[in-house]
*Asks:* 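Quick one: this structure, given as structure tokens, is what I'll be asking you about.
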Amino acid sequence: MLKRKLAELLTQAVAEVQQSGKLPSVTLPEVIIERPQNAEHGDYASSLPLKLARATGTSPLAIANDIVGHLAPTPEVEQAVVAPPGFINFTLKSSWLASQVESILVAGDGYGDIELGEGRRIQIEFVSVNPTGPLHVGHGRGAILGSTLANILAAAGYRVEKEYYINDAGSQIDAFRRSLYARYKQCLGLEAEVPEDGYLGNYMIDLAKEIVAEHGDKFLHLSSEVDAVNLVGELGLERIISQIRADLELLGVSFDVWFSERSLFSNGQYQEALSLLKQGGYISEKEGATWFVSTALGEDKDNVVIRSDGSPTYFATDIAYHYDKFVKRKFDTVINIWGADHLGHVSRMKAVVSALGIDPERLRVIISQMVTLRRGGEIVRVSKRSGDIITLRELVEEVGPDVCRFFFLSRSADSQMDFDLELAKKQSADNPVYYVQYAHARIASILRVAKERGIDHRDGDVSLLTTEPELMLIRKMLLLPELVETIATTLEPHHLTYYAQDLATIFHSFYKQCRVVSQNEALSKARLKLVEAAKIVLSRTLHLMGMSAPERM
RNA sequence: GCGCCUAUAGCUCAGUGGACAGAGCAUCGGUCUUCGGAACCGAGGGUCGUGGGUUCGAAUCCCUCUAGGCGCGCCA
């Protein structure tokens, strides 16, 4: 990556200046190369002299001049100039920029891939909604964040595994079973009431009907009603899970592993993790329950892991689950995407991880903030238990997966967002989604025209690409690998949407100014190469976001 | 009360300690186009919530305060 090369270039030049004695040999601060927002400041810039001035007490301008004087010439850099108060601005050679079109064509669908991860294993767990009902809109946000991040991390050279944690144990599942069994009985004309802590949504009635249709009343004739509740519950659970899976697929979200909470007990992780904590002295007994002593690690309070009735809490299984991730499966890094309602869980989970002897930095938690759903000015309340929900499926069916994905991605995870259904549909003509996809379809169309006219641009000479609109487009395309690096580091995929729009804008502008297929055959071929490269970059960007790159629309 | 998130143009939001704070939508004004007008070009619009501090340099880092959200269960 050029950015890195420039940093090395600067480092070397500084070393030379220091050797010449003009600069005290202080240790170098991190050499940051940035993309100036003002084009007059060149393609890349560094404020290294300003930082060195602080450390050495020398004039930044003098340092900058000395460094520039020692910069080795390279094929990429046209010039490096000093700008007050102490910047070094790099301008790239047009000929080098043009030549990058060939590199992009060679890279093809792999353009944007980088080596950052060096094959390290990274697990990303997301959605993981309790299988007690359909996914709602807020879950969609986590789903899109997770699947997009997974795409980015894979492009960044990590071995990525996407995982859905199925909470198929615990008290909420129990409430689900009892609710469903009550509906089951009602369906068969019997008196039954949904428990107070149960699930009241209409989908539970539909679920009960389906089970009656398939199995009739056979569960009423079991000797034990507990068995009946469990069996009916299990059937319901399976159906809910497959519905969740189908809903996610509709959005283009898939998983490598569906991990069952129950398996933690049958495979012994639960016991192992807890005894490990006990050995570390992090477990205590009080008030008839078993506690994790998080206060020993600076937390506000301790947390119950085993209730006084002997049943493990959600926290207990989550301890076992993370033990499994780090110790059993040996992931280098684990990313969890949780909703804002799990905020309180973050710090104690990190505490647990360090109590298990694992560097808590290896656990990264992304909190995706709430989504408020609107229809015009009206707020739609989202609550699973009351049953008044707009499901994710309804949303996707209304606005389509591409719009859905782009919309969720376009805001940073840590800010709350409104999702206005009316707006998402009504605006479709001015929608940024179509704007970006249109650019792609337009390119496809140009390439079709060229083909129809029998133009074979494989021998096109990219050195003919010299005008500003052409070079602007190339500059923007060269940003993608840097963007992948940024997102893989910060875990903030929303930048993709902005990049996609910028790239589309610059393409449209180029298109307006530069005729691609013209009488000038040599130039046509060169521009066809450029346009083909732009298609690659645009398509890769869309695919990273999990969106389609249409040939026509 | 404690913890975390948020506050930037009329609206929705970007903005890795750097050079005059950006985009989309909206508003106003242009381009009427041999390759796709779902396009392009331009204009107006901002005490970056408040008040301090650190720094050569702050929307960005630290503290105060204000407003909104979420969390602080032997729920998950």
Side-chain angles (χ1 to χ4, degrees), chain A residues 32 34-38 40-41 45-47 50-51 53-54 60 83-87 89 128-130 132 167 170-173 175 197 261 287-291 299-301 303-318 338-348 367 369-370 372 410-418 420 423 427-435 437-439 441-450 452-453 482 486 489-490 492 494-495 497-498 501-502 504-505 507-519 524 527-528 531 552-553:
Chain A
I32 294 170
E34 58 186 57
R35 290 260 191 167
Q37 34 182 308
N38 188 334
E40 286 169 21
H41 299 139
S46 177
S47 58
L50 286 162
K51 299 204 160 65
R54 185 183 312 183
F87 292 100
N89 296 334
S128 297
V129 176
N130 277 353
T132 53
N167 295 108
S171 58
Q172 293 201 3
I173 286 297
D197 61 345
E261 179 181 356
E287 297 159 29
T290 304
W291 298 69
E299 290 293 291
D300 287 345
K301 54 189 191 57
N303 298 95
V304 173
V305 286
I306 301 171
R307 301 185 183 91
S308 41
D309 68 359
S311 65
T313 62
Y314 158 81
F315 184 45
T317 50
D318 228 13
W338 291 340
D341 54 342
H342 281 60
L343 202 83
H345 198 49
V346 178
S347 67
R348 65 169 176 259
I367 293 294
Q369 290 294 332
M370 299 219 317
T372 309
S410 61
R411 281 155 184 75
S412 79
D414 47 19
S415 72
Q416 291 156 230
M417 65 177 283
D418 282 356
D420 189 336
L423 214 68
Q427 274 195 335
S428 60
D430 298 318
N431 203 304
V433 176
Y434 299 119
Y435 179 78
Q437 289 180 328
Y438 176 70
R442 206 178 209 185
I443 294 172
S445 168
I446 296 168
L447 293 172
R448 279 195 298 271
V449 167
E452 279 163 23
R453 298 188 190 172
E482 290 173 27
T486 303
T489 308
T490 62
E492 291 176 346
H494 64 275
H495 293 111
T497 61
Y498 292 88
Q501 288 179 87
D502 282 352
T505 298
F507 170 75
H508 285 310
S509 178
F510 153 80
Y511 175 85
K512 195 73 178 182
Q513 294 172 75
C514 299
R515 173 88 204 167
V516 177
V517 182
S518 68
Q519 302 304 320
S524 296
R527 286 184 173 166
L528 282 166
V531 154
R552 289 189 166 83
M553 51 192 288

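Both backbone and side-chain heavy atoms feed into the values below; hydrogens, waters and symmetry mates do not. In what follows, every chain begins at residue 1, and chains take the letters A, B, ... in the order their sequences are listed.
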*Asks:* Tabulated below should be each protein N or O lying under 3.5 Å from an N or O of nucleotides 14-18 of chain B; please produce it.
*Replies:*
from, atom 1, to, atom 2, distance (Å)
B/rA14, OP1, A/Ser412, N, 2.8
B/rA14, OP1, A/Ser412, OG, 3.1
B/rA14, OP1, A/Ser415, OG, 3.4
B/rA14, O4', A/Tyr498, OH, 3.3
B/rA14, O3', A/His494, NE2, 3.4
B/rG15, OP1, A/His494, NE2, 2.8
B/rG15, OP1, A/His495, NE2, 3.1
B/rG18, N7, A/Ser47, OG, 3.1
B/rG18, N7, A/Lys51, NZ, 3.4

*Asks:* Do A/Thr372 side-chain atoms and A/Asp418 backbone N/O form a donor-acceptor pair below 3.5 Å?
*Replies:* no
*Asks:* Tell me every residue that passes side chain to side chain donor-acceptor pair (under 3.5 Å) with A/Thr489, counting only those two or more places apart in sequence or in another chain.
*Replies:* none
*Asks:* Can you name the residues that form a ring-ring contact (aromatic ring centres under 6.0 Å, His included) with A/His345, not counting sequence neighbours?
*Replies:* A/Tyr314, A/Phe315, A/Trp338
*Asks:* Spell out yes or no: do the side chain of A/Gln369 and the base of B/rC5 have one donor N/O and one acceptor N/O closer than 3.5 Å?
*Replies:* no
*Asks:* Reading RNA chain B from 5' onward, which residue's closest nucleotide shows up sooner: A/Val449 or A/Ser46?
*Replies:* A/Ser46
*Asks:* Where do A/Ala83 and A/Asn89 come nearest, in terms of heavy atoms and distance?
*Replies:* CB-ND2, 3.6 Å
*Asks:* With P as the reference atom in both, quote the distance from B/rC72 to B/rG57 in angstrom, rounded to an integer.
*Replies:* 43 Å
*Asks:* Holding to side chain to side chain donor-acceptor pair (under 3.5 Å), I want the full list of residues that pass it with A/Ser410, two or more places apart in sequence or in another chain.
*Replies:* none
*Asks:* With respect to the side chain of A/Ser308, which nucleotide from B/rC74, B/rC40, B/rA76 is positioned closest?
*Replies:* B/rC74
*Asks:* Would you measure the distance from the C1' atom in B/rG15 across to the matching atom in B/rA21 and give it in whole Å?
*Replies:* 8 Å
*Asks:* Expressed as a whole number of angstroms, how long is the span from A/Tyr511:OH to B/rC35:C1'?
*Replies:* 5 Å
*Asks:* Would you say that A/Leu528 contacts A/Ile446 through its side chain, given a criterion of any heavy-atom pair below 4.5 Å between the two side chains?
*Replies:* yes
*Asks:* In terms of side-chain heavy atoms of A/His342, which of B/rA76, B/rG36, B/rA38 is nearest?
*Replies:* B/rA76
*Asks:* Between B/rG24, B/rA76, B/rC72, spot the one nearest the side chain of A/Lys301, thanks.
*Replies:* B/rC72
*Asks:* Shorter than 3.5 Å, N or O on both sides, protein versus nucleotides 41-46 of chain B: list them out with atom names.
*Replies:*
from, atom 1, to, atom 2, distance (Å)
B/rC41, OP1, A/Ser509, OG, 3.3

*Asks:* What nucleotide among B/rA19, B/rG36, B/rC75 has an atom nearest to a side-chain atom of A/Ala83?
*Replies:* B/rA19
*Asks:* Applying ring-ring contact (aromatic ring centres under 6.0 Å, His included), name anything that partners A/Tyr438, two or more places apart in sequence or on another chain.
*Replies:* A/His508
*Asks:* Does A/Ser171 place a side-chain N or O at less than 4.0 Å from the phosphate oxygens OP1/OP2 of B/rA76?
*Replies:* yes
*Asks:* Distances under 3.5 Å between protein N/O atoms and the N/O atoms of nucleotides 48-50 of chain B, please, pair by pair.
*Replies:*
none

*Asks:* Picking from B/rU34, B/rA76, B/rC13, which would you name as closest to the side chain of A/Arg307?
*Replies:* B/rA76
*Asks:* So which nucleotide from B/rG36, B/rA19, B/rG68 ends up closest to the side chain of A/Gln416?
*Replies:* B/rG68
*Asks:* Which is true for A/Ala45 with a 4.0 Å heavy-atom rule: it touches a base, it touches only sugar-phosphate, or it touches nothing?
*Replies:* base
*Asks:* Measure the distance from CD on A/Gln437 to P on B/rA39 and round it to the nearest whole Å.
*Replies:* 13 Å
*Asks:* Could you tell me how far B/rU8 sits from B/rA59 if I compare only their P atoms? Round to whole Å.
*Replies:* 15 Å
*Asks:* Which residues pass the side chain to side chain donor-acceptor pair (under 3.5 Å) test with A/Thr486, not counting sequence neighbours?
*Replies:* none
*Asks:* Considering residues at least two apart in sequence or located in another chain, which fulfil the side chain to side chain donor-acceptor pair (under 3.5 Å) criterion with A/Arg515?
*Replies:* none
*Asks:* What distance, rounded to whole Å, do you find between the two C1' atoms, one in B/rU27 and one in B/rC11?
*Replies:* 12 Å
*Asks:* Pick the C1' atom in B/rA14 and in B/rG22, then give their distance to the nearest Å.
*Replies:* 7 Å
*Asks:* How does RNA chain B look in dot-bracket form if you count Watson-Crick and G-U pairs under 3.5 Å, write [ ] for pairs that cross, and put | where a base pairs with another strand?
*Replies:* (((((((..((((....[...)))).(((((.......))))).....(.(((..]....))).))))))))....
*Asks:* In whole Å, I'd like the distance from the CH2 atom of A/Trp338 to the C1' atom of B/rG71.
*Replies:* 13 Å
*Asks:* Looking only at atom types and distance, does a side-chain atom of A/Ser47 sit under 3.5 Å from a main-chain N or O of A/Phe87, one as donor and one as acceptor?
*Replies:* no
*Asks:* A/Lys512 has an atom NZ; how far is it from atom P of B/rC35, in whole Å?
*Replies:* 11 Å
*Asks:* What's A/Ala441 touching, base or sugar-phosphate or nothing? Going by heavy atoms closer than 4.0 Å.
*Replies:* base
*Asks:* Considering only atom C1', compute the distance from B/rC65 to B/rG52 and round it to an integer number of Å.
*Replies:* 11 Å
*Asks:* Any side-chain N or O of A/Arg348 below 4.0 angstrom from OP1/OP2 of B/rG71?
*Replies:* no
*Asks:* Can you tell me how far P of B/rG36 sits from OH of A/Tyr434, to the nearest Å?
*Replies:* 21 Å
*Asks:* What is the distance, rounded to the nearest whole Å, between atom NE2 of A/His508 and atom P of B/rA23?
*Replies:* 17 Å
*Asks:* For residues A/Gly86 and A/Pro60, report the shortest heavy-atom separation together with the two atoms involved.
*Replies:* CA-CB, 4.3 Å
*Asks:* What is the separation between atom CG on A/Asp197 and atom C1' on B/rA76, rounded to the nearest whole Å?
*Replies:* 13 Å
*Asks:* Distance check needed: B/rG73 C1' versus A/Asn303 CG, whole Å only.
*Replies:* 10 Å
*Asks:* Find out whether A/Gln172 and A/Asn167 are in side-chain contact, i.e. whether some heavy atom of one side chain is under 4.5 Å from a heavy atom of the other.
*Replies:* no
*Asks:* For A/Ala441, check side-chain contact (heavy atoms from CB on, under 4.5 Å) against everything at least two apart and list the hits.
*Replies:* A/Met553
*Asks:* Would you measure the distance from the P atom in B/rC61 across to the matching atom in B/rU50 and give it in whole Å?
*Replies:* 16 Å
*Asks:* So, using side-chain contact (heavy atoms from CB on, under 4.5 Å) as the criterion, who are the partners of A/Ser347 when residues are at least two apart?
*Replies:* A/Glu299
*Asks:* Rounded to whole angstrom, note down the P distance from B/rU55 over to B/rC62.
*Replies:* 16 Å
*Asks:* Nearest to the side chain of A/Tyr314, heavy atoms from C-beta on, is which of B/rA39, B/rA76, B/rC74?
*Replies:* B/rA76
*Asks:* Find which nucleotide of RNA chain B each of A/Ala340 and A/Asp309 is nearest to by heavy atoms, and output the residue with the more 5' nucleotide.
*Replies:* A/Ala340
*Asks:* Which of these passes side chain to side chain contact (heavy atoms under 4.5 Å, CB included) with A/Thr313: A/Asn303, A/Val304, A/Ile306?
*Replies:* A/Val304
*Asks:* Of all the heavy-atom pairs spanning A/Ser46 and A/Ile32, show the shortest one and how long it is.
*Replies:* OG-O, 3.3 Å
*Asks:* What is the minimum heavy-atom distance between A/Ser415 and A/Arg411, and which atoms define it?
*Replies:* OG-CB, 4.4 Å
